[in-house]
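Bear in mind that the values here come from a model prediction, so they are computed numbers and not experimental data. Within every chain, numbering begins at 1; the chains are lettered A, B, ... in the order of the sequence lines, protein sequences first and strands thereafter.
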Amino acid sequence: MTAPRLRFAPSPTGPLHLGGARTAMYNWALARALGGKFILRIEDTDQQRSTDESLQIILEGLQWLGIDWDEGPAVGGEPRGEHGPYFQMQRLDLYREVIDQLVASGHAYLCYCTPERLAELREEQKARKSSFIGYDGHCRDLTPEERAAREAEGLVPNIRFRMPEDRVVKVHDLIRGEVEVNTKQLDDWVMMRPGGVPLYNFACVVDDIGMGITHVVRGEEHFLNGVKQQLLFEALGKEPPQYAHIPLILNQKGGKLSKRDPGVKSVLEYRDLGYPPEAVFNYIALLGWGFSADRDVFTRDEMVDAFKIASVGKAGAKFDLEKLHWMCGEYVRQWSVEQCVERARAWLEPAMPAGTMAQHGAWLRNIVACYQERVQLLSEFPDKVGWLFAKDVRLEFDAGAEKKFNKHKEHAAEWLRGYADVLEASDLPPSWPEDRSAADGAVLLPSQKDAPATAAPCDDPAAIEAKTRAFTEERGIKFGHFVHPVRAALTGTDRGPGLFDVVFLLGKATAVARLRAVADSVAAD
RNA sequence: GCCCCCUUCGUCUAGUGGCCUAGGAUUCAUGGUUCUCAUCCAUGCGACAGGGGUUCAAAUCCCCUAGGGGGUACCA
C-alpha cells in the first residue's frame, strides 16, 4: 500500500477563511491519522487575482492554528519536500509536457472559440431554457485545414478536454458514497489558457499525480470537478486519489458563508480579536464532525486519534459565534495562570504604562489570575483591568455601579470614610507603582476560602476580610449592603474579583484615596 | 432550466430497525454556592421537515412533497 499523502491547495487570491481552514484541518488530521504526509500546494494560476500578500496571510493563518505541513512553501528556511516546486506557476513545463501528450492521444484538442462567442452561446442556451448550458464542442473535430485557417487569422487556441459523451461515471466519495454522474452534464472544459497557463482541473490532476496524492478532502463545490478530474486520470492511465467532498459552512441564515456575514472573519482576524487559536481550531473541527457523544473539547492529538473522514456529516453546519465564545472561555480557564499571563501579555502591554509588566511581574500574575475565569477572549483583558491603572482617584461609575451605589447612597459617605480609616490603619500592600513584589510573591490570587494562611509581609485578603467584617459588625452595617458602594468606589463597576482581592491588588494608598474621594463627592452633592 | 447533495432541540451534534417516554454540548430560564460578576453544581424549556409505504417493530429502509445547499467559467 502506498503511503497516504494529502494536500491542502489554496489559491492565494484572498485571506484564509474558516471554511478553508477547516478543509486544511481535515486534510491535516486525516494525514496524521493515517500516518501519512500533509502537503501544502499553492494554486496560483489565476494570475489576475493571486497576490503574495494573500499567500503570506494564508501561511500565517495555518501556522496560527497549528496546522503544519510536511512539504510545501518555506517558512523562514528552505522549501520542504522533494515533490516540488509547490507553486503551480513554477511547474509550467510539467503541464506543457502532459498537455502535448494528451493532444497527441486525442484526449485534448485545440479550441479557437473567442470569449465573446462563448458568452453568446451561454446567453442563447439560457434564453431557450436549454437543459444543458456549456461549451458546444464547436472546435472538437476541426480538420487540419480549418485549424490552419484559424491560426492564419491570428487566433491563439486554448486546449480543451474531450469529454466522453453520454457516459455514466461512477464516483466513489468517502463522504457521499456512490454517486452516478452522466457526462452529458459536463462540457469539454478548458485545460490550458492560450498563454500556456493551466486551469484548475488540469493543473490539479497533474500535480496530484506528481505529488503522489492519495486522498483529497475539499469543499463540496468541487464535487463535479472531481468527476472531470477522475476522467482525466483515466485518460492518463492513472489511478485517481480517493475523494471526500465536505459540506460547506453556512451562515446564521443557512446561506453560504460570505465575508459580509456578521461574526465571520478571516482566520487572522480572529487572532487579532483575541481568540485563542486552540479554541478556533477545536470549534471549527466541530462544524460537521463530532469528537464523541459526550465531549466537545479536545486537543489536536485527541482529534487525530479519533478522526475518521467517513464520520464527517453530509449536511452543512451553521456557524455559531456564541458557542465559539464559550469554547474560548473553556480554553482560557484550562491554562495555568502562568500560561494565561503569557497569552495575555501582548494585550496587556499596550494598556499599561511602559515597564509595568517587567517590573511588576508578581502583581500582574495576580491580576491575570483574578480575571482568568471571567474572560473568553484575550482582548477583554485590557478593559477589565483598567481600574487598577486609572489615574483618577474618583472613578467614573458604569451603569451597574451607579445603580448599586445609589441604593445605599445615604450611608455611603459614612461607610466609605469609616472603611478608609480601617484600611489606613491596616497593614496593606503598597500601591502600584511602588514595589509590591514581596506581597504579591507571597500571596497568590485569587484567594480562596480554604486556602492556608500565607506568610505575607502584610495583610492578605483573608486578614483584610476579617478586619472588614469586624468593622461592619461594630457599626451594625449589613455586610451584603456594605460591599456594593465600596466596590463601586474602588473599581467603578459592579462586577469583578472578590472585594478583598480587589483591596489587596489596589494597595493601601490607592484604596484609601478612592474611598475618600467618593465619600467627598457624595457629601458635596 | 438541468444535475448532484442534504433535512434530529434556536445552534453544533449522538443515534446505522427494537437499548429512544431520542442522549450530550451550547444558548435561554430557575435554583444552589457567594460580597458582585464569573466559575462551579443542580433542575427545567426545547427536535426526529411533511405525507405515504415496508415491518411484529422506523429517527433509522423505500417513495413522494416541501425547504435548504452546491454545481452548471479561458475562478479555484
So what does [X] touch, heavy atoms closer than 4.0 Å: a base, only the sugar-phosphate, or nothing?
X        : value
A/Arg333 : sugar-phosphate
A/Thr23  : nothing
A/Arg469 : sugar-phosphate
A/Gly195 : nothing
A/Leu118 : base
A/Asp46  : sugar-phosphate
A/Phe482 : nothing
A/Lys323 : base
A/Cys113 : base
A/Leu224 : sugar-phosphate
A/Asn158 : base
A/Leu199 : sugar-phosphate
A/Ser11  : sugar-phosphate
A/Pro194 : base

Could you tell me whether A/Asp136 and A/Arg117 have a side-chain N and a carboxylate O separated by less than 4.0 Å?
yes
[N] [atom2] sits how many Å from [X] [atom1], rounded?
X        : N     : atom1 : atom2 : answer
A/Lys407 : B/U36 : NZ    : P     : 12 Å
A/Arg374 : B/C40 : CZ    : P     : 12 Å
A/Glu380 : B/C37 : CD    : C1'   : 13 Å
A/Leu248 : B/U7  : CG    : P     : 15 Å

Report the C-alpha distance between A/Trp189 and A/Tyr135 in whole Å, list the side-chain angles of each, state the deciding distance to 0.1 Å, and finish with yes or no for side chain to side chain contact (heavy atoms under 4.5 Å, CB included).
CA-CA 8 Å; A/Trp189 46 279; A/Tyr135 185 59; over 6 Å; no
With side chain to side chain contact (heavy atoms under 4.5 Å, CB included) as the test, would you mind laying out the steps for A/Arg91 and A/Asp207 before giving the verdict?
CA-CA 9 Å; A/Arg91 301 171 64 85; A/Asp207 291 342; 2.6 Å; yes
With a 4.0 Å limit, can you tell me whether [X] has a side-chain N or O closer than that to the phosphate oxygens OP1/OP2 of [N]?
X        : N     : answer
A/Lys314 : B/C6  : yes
A/Arg295 : B/U13 : no
A/Arg122 : B/A73 : yes
A/Thr45  : B/A76 : yes
A/Lys318 : B/U11 : yes
A/Arg160 : B/C74 : yes

Among A/Trp289, A/Phe281, A/Tyr283, which one satisfies ring pair (Phe, Tyr, Trp, His ring centres under 6.0 Å) with A/Phe298?
A/Trp289
Taking salt bridge (charged side-chain N to carboxylate O under 4.0 Å, His left out) as the cut-off, I'd like each qualifying pair that reaches into residues 220-233 of chain A, sequence neighbours left out, listed once.
A/Arg176-A/Glu220
Spacing of the [atom1] atoms in [M] and [N] (rounded, Å):
N     : M     : atom1 : value
B/C61 : B/C2  : C1'   : 29 Å
B/G32 : B/G23 : P     : 27 Å
B/C74 : B/G15 : C1'   : 48 Å
B/A47 : B/A22 : P     : 10 Å
B/U39 : B/C45 : P     : 23 Å
B/G71 : B/U65 : C1'   : 23 Å
B/C3  : B/U8  : P     : 25 Å
B/U13 : B/C75 : P     : 34 Å

Do A/Arg176 and B/C5 share a donor-acceptor pair, side chain to base, under 3.5 Å?
no
Base partner of [N], which must satisfy Watson-Crick or wobble distances under 3.5 Å:
N     : answer
B/C28 : B/G44
B/A14 : none
B/C2  : B/G71
B/U7  : B/A66

Take A/Leu18 and A/Tyr270 through the side chain to side chain contact (heavy atoms under 4.5 Å, CB included) test and state the conclusion after the steps.
CA-CA 10 Å; A/Leu18 289 179; A/Tyr270 285 100; 3.8 Å; yes
Minimum heavy-atom separation for A/Arg22 to A/Ile284, with atom names?
CD-O, 3.5 Å
What nucleotide among [options] has an atom nearest to a side-chain atom of [X]?
X        : options             : answer
A/Ser131 : B/G1, B/C37, B/U11  : B/G1
A/Ala317 : B/A38, B/U13, B/G71 : B/U13
A/Glu330 : B/G70, B/C40, B/A38 : B/C40
A/Glu221 : B/U27, B/C37, B/G71 : B/G71

Residue mapping more 5' on RNA chain B - nearest nucleotide basis, A/Gly498 or A/Gly316:
A/Gly316
Quick check on RNA chain B: between A/Gly496 and A/Leu286, whose nearest nucleotide comes earlier from the 5' end?
A/Leu286
Mutual orientation of the aromatic rings belonging to A/His107 and A/Phe161 [parallel < 30°, tilted 30-60°, perpendicular > 60°]
parallel
Rounded to the nearest 0.5 Å, what's the gap from CE on A/Met211 to CG on A/Leu6? Could you check?
13.5 Å
